Amino acid sequence: MTGTMQENLFAELRAHVLAALAAMLPELPAEVLARVEVTATKDETHGDMATNAALVVSKQASRKPQEIGAALATALAALPMVDRAEMAGPGFVNLHLAPAFLRAQLPVILARGEAYGDGSIGAGIPVNVEYVSANPTGPMHVGHCRGAVVGDALANLLAKAGFAVTKEYLINDAGGQVTALAYAAYWRYLEVIGTSLSQDDYAERIPGGLQYGGEYLIAVGQRLAAEHGATLATATLENAEPDLWFETVRETALAMMMDGIREDLELLGIRFDRYSSERELVRQGATDKVIDTLTGMGLIYEGVLEPPKGKLPDDWEAREQTLFRATSFGDDVDRPLRKSDGSNTYFANDIAYHADKMARGAQIMIDVWGADHGGYVSRMKAAVKALAGNSNATLDIVLCQIVKVLKGGELVRMSKRAGTFITLRDLLEEVGRDAVRFTMLTRKSDAQMDFDIDQAIAQTRENPNFYVQYAHARCRSVLRAAAEKMDVSPQALLDADLSSLDNPAEMTLIRRLASWPRQVEQAAFAREPHRIAFFLYDLAGDFHMLWNRGRDDTTLRFLQDDRPDETRARIVLVAATAAVIRSGLAIMGVAPVEEMR
RNA sequence: GCGCCCUUAGCUCAGUUGGAUAGAGCAACAGCCUUCUAAGCUGUGGGUCGGUGGUUCGAAUCCACCAGGGCGCGCCA
């Protein structure tokens, strides 16, 4: 042990770089120093880490970067953990670290376990991550699934980076879609109790037609019949008093749809800290209140929008509307808040909802949306900007692109009308929760994804989920075998002599492990949970590489009966690898496996 | 027509927010192998980062324009 418990070696070296810089060039402005980075090198011949410090400050210091770099290299070479430092290229300083310094990170990892990599950049700032928020009008499908997994992993990632995270779901239970749901459920009810109407007749008599024809509403009809008999029925729809049945049907349908969604989320391993109801917000007058607030700020007016350019919608006509001055905050056009019947647009309610999140203390709001909502990004950001004032509250929006499902090399067509869309439950049954979650995180969220079912369950290196789990299982296997002969608890391993860990493949693995805290920071900063999946894939690759070396060269195997000290050192390395893999999988919401079967 | 996202090896994709000679898997090619946990291993070849300009010490990354793909475009959420 070196005595340091510094987890993030990059941060540690960066502090040294800044100190050395300050000694040479005092009075550099903070915003210049902020750009100084210490990063891992791409090429191992460049050492372990590199800093761009000389390049970044050269202009301000009005000295040549290579001159500063050379001086910096000399200063850094004097540090105990630096074996060698040299100026390279246009002014980089490459740092070759003492192997003992890198190895010393292993007991830190053992001591921290899965908590290794927990960061402080979040500084306890309250972050609200809103995701899924699927309309409660039917079961979740694969499109929702990606947003669900990305949002959940992002929330976990931010929590690991030290933010105070709230996971939240907005139930869109206020709009016309829920009315349509009620009418659709009522039709199923009429079917159950018996009706002379045909489905087409029914569809003609209700506003908007029959929008949800899915069989999943039959259960709603059955429950209504069981609980209310025929008392909700009306002889003819013309003289029906919707008051008689509408509220009851809507409540029952909504509750059952939300129950189904909660079950689906549970199967995916997702639990929200809070469910908010749009209807409840409206009932409390939150929307009216926020519109009042904006009116007070002079940001609301009655006006007529320019018609959209290009081909007009066929029913377009100039009309005066209640508009929010979104253009004052970077949007392209001002946006309507009221429908012509006087009710609120979804946007108006969403402004109220975001105001509510801010009122509850959210400093950073993150919404995870489907790409089809991309057109709403700038208006929502504009609204938050208007309301945030000097509270510094911000809104980030993560868009998830379309997921196409492939099976047997064929695109699985998804169409609600044809009834062939894949539900989340179908996918979970076919692939399994962990493989679904892992696979959903193997692409940047704003890139389209082909979800290949065959690959997601394949037992080959092409399947990142398998490859990473396999690495973890191998670690656990080694530890089980070792446990028969020695104490492999973290406590018992903390004082192991690690000096025998000097093989290049071992050092590569150690470097990767030591970069985990920085990976967490970077991924959290970028709001990109997929980076965790790629990191784990690379880490698994390093480990498998080491394992495979042991095939040809038996002296590289982890367990060496005649060399207990080396064995202990390698057990430390294996245990640390397992801990970091678990740490990463925990962010992704994937359960590590102990053995492959 | 306008706005946003995307375009990187034959294929599927990364690329540490502007850093050094752009990486990985699959496929291809060449060897090895029947296992400390099996569902292989090692190595090689492969690139005008869609195109053209610009910004600067430095661009796959930022800006402008162009080409192709996706999404959206006043009372759907």
Side-chain angles (χ1 to χ4, degrees), chain A residues 10 35 37 39-43 46 50 52 55-56 58-59 64-66 88-92 94 133-135 137 172 174-178 180 208 278 304-311 313 316-319 321 323 331-347 349-350 370-378 399 401-402 442-444 446-450 452 455 458-464 466-467 470 473-474 476-478 481 515 518-519 521-523 525-526 530-531 533-535 537-538 541 544-545 547-552 554 557-560 595-596:
Chain A
F10 294 89
R35 292 173 50 215
E37 284 187 319
T39 58
T41 54
K42 286 180 193 168
D43 185 340
H46 291 153
N52 62 351
L55 294 158
V56 167
S58 119
K59 200 168 195 174
K64 286 182 183 155
Q66 294 178 335
F92 289 100
N94 291 332
S133 297
N135 287 335
T137 54
N172 296 123
Q177 308 224 345
V178 180
E278 183 186 1
V304 180
L305 288 177
E306 293 282 311
K309 302 275 189 271
K311 43 196 177 266
W316 197 91
E317 59 183 73
R319 182 178 287 131
Q321 295 175 289
L323 297 169
D331 201 358
D332 302 322
V333 289
D334 294 335
R335 304 292 183 174
L337 298 177
R338 306 264 197 222
K339 302 179 193 175
S340 56
D341 67 1
S343 65
N344 305 319
T345 59
Y346 177 72
F347 177 51
N349 289 342
D350 220 14
D372 54 341
H373 289 53
Y376 273 71
V377 170
S378 49
L399 291 183
Q401 290 287 343
I402 300 295
T442 55
R443 292 285 179 275
K444 238 182 328 200
D446 58 3
Q448 292 180 43
M449 172 159 71
D450 291 337
D452 187 329
Q455 184 180 309
Q459 309 235 317
T460 68
R461 181 171 190 167
E462 291 171 68
N463 176 2
F466 167 80
Y467 195 64
Y470 192 20
R474 277 179 158 174
R476 301 299 297 167
S477 166
V478 170
S515 73
R518 182 175 153 85
Q519 287 291 337
E521 274 187 14
Q522 298 282 333
F525 180 74
H530 76 277
R531 293 190 189 194
F534 282 93
F535 173 84
Y537 185 74
D538 290 341
H544 287 306
M545 167 83 78
W547 178 288
N548 292 329
R549 287 278 151 85
R551 293 182 176 210
D552 298 332
T554 56
R557 296 184 180 187
F558 298 113
L559 306 180
Q560 303 286 337
E595 54 186 325
M596 309 304 286

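Within every chain, numbering begins at 1; the chains are lettered A, B, ... in the order of the sequence lines, protein sequences first and strands thereafter. For clarity, every value in this text was computed on a predicted model and none was experimentally measured.
Taking 4.0 angstrom as the limit, Lys444(A) places a side-chain polar atom (N or O) nearer than this to OP1 or OP2 of G15(B). Taking only side-chain nitrogens and oxygens, His530(A) comes nearer than 4.0 Å to OP1 or OP2 of G15(B). Taking side-chain N and O atoms only, Arg551(A) has a distance below 4.0 Å to OP1 or OP2 of A38(B).
As judged by a 4.0 angstrom heavy-atom cut-off over every strand, Gly374(A) is placed among residues making no nucleic acid contact. Note on Gly176(A): only backbone sugar-phosphate atoms sit closer than 4.0 angstrom, heavy atoms only; bases stay farther off.
Using bins of under 30°, 30° to 60° and over 60° for the plane-to-plane angle, the ring pair His373(A)/Tyr376(A) lands in the tilted bin.
Counting only heavy atoms from C-beta on, Arg461(A) has its side chain closest to G25(B) among U17(B), G25(B), G3(B). Checking G19(B), G74(B), U37(B) against the side-chain heavy atoms of Ser477(A) singles out U37(B) as nearest. Taking the side chain of Asp372(A) as heavy atoms from C-beta on, and the options C5(B), G72(B), G15(B), the nearest nucleotide is G72(B). Side chain of Phe534(A), nearest nucleotide from U37(B), A14(B), A77(B): A14(B).
Between the P atom of U35(B) and the CZ atom of Arg474(A) lies a distance of 14 Å, rounded to the nearest Å.
Evaluation of Phe92(A) against the base of A20(B) yields a stacking contact (centre distance < 5.5 Å, interplanar angle < 30°). Stacking annotation: His46(A) is stacked on the base of A20(B) (ring centroids less than 5.5 angstrom apart, interplanar angle below 30 degrees).
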